[in-house]
Amino acid sequence: LINAAPFLQSDHAASRAIGLLLVLVVIAWRSISRRTNQGYREALPEALTQRRLEGASLNLDDGDMLEVLRSRLTSARPAEVLYALDLLTERSSEPVSGLLAPLLDHDQATVRREALRRIGAGRLVDLTDAVRARLDVELDSETLAATLDALAQLEESDAVDVLGVFLDYPEEIVVDAATVGLLRSGGIDGIMAAGDRLLQLERSSDDGDRERAARILGSVGVRGFYRHLLHLLGDPAPAVRCAALTSAAQIGNANLWPAVIGNLAHAEYYTTAQRALVSAGAEALPALEEALSDPKSGLAFRTRVAET
């Protein structure tokens with residue numbers, strides 16, 4: 001036992017040394033961690049401004065980080081606001097409605113429009129009253145149109161009376177939004193309220209009116225309305241026909257594809273028609289095959305069909 005004492009003392013001293021070393025390592029790690037977090041907090045605002053923060057590296061369990069992101073929702077820079085909104089939506093557990101509601105009153109119209117778009121697309125019906133309230137105070141025509149679009153998605157046929165009021169608004173973009181909302185979401189009452197207005201635009205001698213009709217039909221996106229687009233696909237005005245081709249892709253009714261394919265024969269419409277057919281995918285294949293097999297079609301036309 002006497003001979004073993006030096007060894008026991010040596011083991012005890014080694015244990016104390018190891019323990020002391022571990023304590024020093026922990027202290028150093030905590031110091032580095034604090035400095036790293038502090039540096040990250042200081043760098044976060046600048047990263048948000050530059051929109052170069054990797055979402056995957058963001059730890060939103062940290063209250064300070066969340067506070068920085070929330071503060072950026074009031075920024076005067078729309079891109080910064082929407083970037084912070086994306087990060088909060090994707091990486092935090094905060095309710096989307098709670099994030100979007102304050103943005104309806106943001107100083108920047110771009111931010112308000114994006115908030116309205118997300119509210120409508122997400123059918124966030126708990127924000128219906130907040131969206132309705134914007135109708136009385138919104139001064140920007142494009143944002144007012146977005147408000148009507150969101151309200152139509154939230155209330156559907158219950159929004160008919162409100163949307164109908166805006167059919168006589170002095171700004172075309174607002175009138176068109178009300179028309180789209182009534183035709184798409186207003187049911188029979190909505191179609192009755194806006195149908196005559198659409199027919200007037202369709203049959204107008206003014207190229208701009210017919211172009212508006214084509215764009216409205218595309219925004220509505222109801223397949224059953226395809227007949228109203230058919231004659232516009234052969235309109236003599238290039239702007240009208242291009243708008244109709246774009247809307248054909250949005251409506252996606254197979255009865256439109258022969259008329260769209262016919263526009264491949266014209267150089268000025270070829271690209272727009274091809275884009276519409278490509279977006280249709282397999283649904284347009286039967287019409288394309290029929291056009292290719294038509295012996296009356298010229299070689300140049302069939303070559304363009306094949307290239308599509």
Side-chain angles (χ1 to χ4, degrees), residues 73 78 81-82 85-86 88-90 94-106 108-169 171-198 201 212-226 228-229 243 246-253 279:
L73 295 179
V81 174
L82 299 180
L85 178 62
D86 285 338
L88 285 166
T89 302
E90 296 169 6
E94 295 200 33
V96 177
S97 294
L99 295 171
L100 292 175
L103 298 184
L104 293 174
D105 297 313
H106 198 279
Q108 297 297 318
T110 302
V111 175
R112 298 198 299 275
R113 287 195 294 273
E114 178 59 18
L116 287 162
R117 186 194 68 78
R118 296 189 187 205
I119 290 169
R123 300 294 197 276
L124 303 179
V125 294
D126 54 320
L127 295 180
T128 300
D129 289 342
V131 172
R132 265 185 176 263
R134 292 301 308 173
L135 295 175
D136 297 325
V137 296
E138 185 57 65
L139 300 177
D140 179 75
S141 295
E142 189 176 350
T143 309
L144 181 56
T147 306
L148 294 175
D149 182 66
L151 193 62
Q153 294 182 76
L154 293 173
E155 292 196 312
E156 298 183 336
S157 60
D158 289 335
V160 167
D161 291 339
V162 174
L163 295 175
V165 172
F166 289 90
L167 289 176
D168 296 317
Y169 200 81
E171 298 289 339
E172 288 184 357
I173 189 172
V174 176
V175 175
D176 291 352
T179 303
V180 169
L182 287 165
L183 294 173
R184 184 178 58 198
S185 308
I188 295 176
D189 290 337
I191 292 173
M192 291 178 64
D196 286 343
R197 184 66 57 92
L198 177 62
L201 293 174
R212 283 177 65 193
R215 294 191 186 284
I216 287 171
L217 286 165
S219 296
V220 172
V222 174
R223 291 195 172 204
F225 289 175
Y226 78 93
H228 297 275
L229 199 62
T246 300
S247 293
Q250 294 172 285
I251 291 177
N253 190 301
S279 71

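Basis for what follows: all heavy atoms, side chains included, without hydrogens, waters or symmetry-related copies. Note that the structure is predicted; figures quoted are calculated from it, not measured.
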Do [Y] and [X] meet the salt-bridge criterion of a basic N to acidic O distance under 4.0 Å?
X      : Y      : value
Arg113 : Asp149 : no
Arg197 : Asp168 : yes
Asp140 : Arg112 : no

Non-hydrogen atoms of [X] and [Y] that approach each other most closely:
X      : Y      : answer
Leu103 : Leu99  : CG-O, 3.5 Å
Gly190 : Val160 : N-CG2, 4.1 Å
His106 : Leu73  : CD2-O, 3.2 Å
Arg118 : Thr89  : NH1-OG1, 4.2 Å
Leu183 : Gly195 : CD2-N, 4.2 Å
Ala152 : Ala159 : CA-CB, 4.4 Å

Would you say that [X] contacts [Y] through its side chain, given a criterion of any heavy-atom pair below 4.5 Å between the two side chains?
X      : Y      : value
Leu100 : Val96  : yes
Glu142 : Glu171 : no
Val81  : Gln108 : no
Leu217 : Leu198 : yes

Say you draw a straight line from [atom1] of [X] to [atom2] of [Y]; how long is it, rounded to the nearest 0.5 Å?
X      : Y      : atom1 : atom2 : result
Glu138 : Leu144 : CD    : CG    : 6.5 Å
Leu148 : Leu135 : CG    : CG    : 6.0 Å
Thr179 : Asp196 : OG1   : CG    : 11.0 Å
Ser97  : Leu124 : OG    : CG    : 4.5 Å
Ile216 : Phe225 : CD1   : CZ    : 11.5 Å
Asp158 : Leu163 : CG    : CG    : 11.0 Å

TODO: Please report the C-alpha distance between Ile119 and Leu104 in whole Å, then the side-chain angles of each, then the deciding distance to 0.1 Å, and finally whether the side-chain contact (heavy atoms from CB on, under 4.5 Å) criterion is met.
DONE: CA-CA 10 Å; Ile119 290 169; Leu104 293 174; 3.8 Å; yes

Open item on the list: Run Phe166 and Leu182 through side-chain contact (heavy atoms from CB on, under 4.5 Å) and show every step you take.
Closed with: CA-CA 11 Å; Phe166 289 90; Leu182 287 165; over 6 Å; no

Task: Test log, rule side-chain contact (heavy atoms from CB on, under 4.5 Å), inputs Val175 and Arg212 - done: CA-CA 11 Å; Val175 175; Arg212 283 177 65 193; 4.1 Å; yes

Task: Side-chain donor or acceptor of Arg223 paired with backbone N/O of Gly252 under 3.5 Å - done: yes

Open item on the list: Please determine whether side-chain contact (heavy atoms from CB on, under 4.5 Å) holds for the pair Asn253 and Leu229, giving the CA-CA distance in whole Å, both sets of side-chain angles, and the decisive distance to 0.1 Å.
Closed with: CA-CA 10 Å; Asn253 190 301; Leu229 199 62; over 6 Å; no

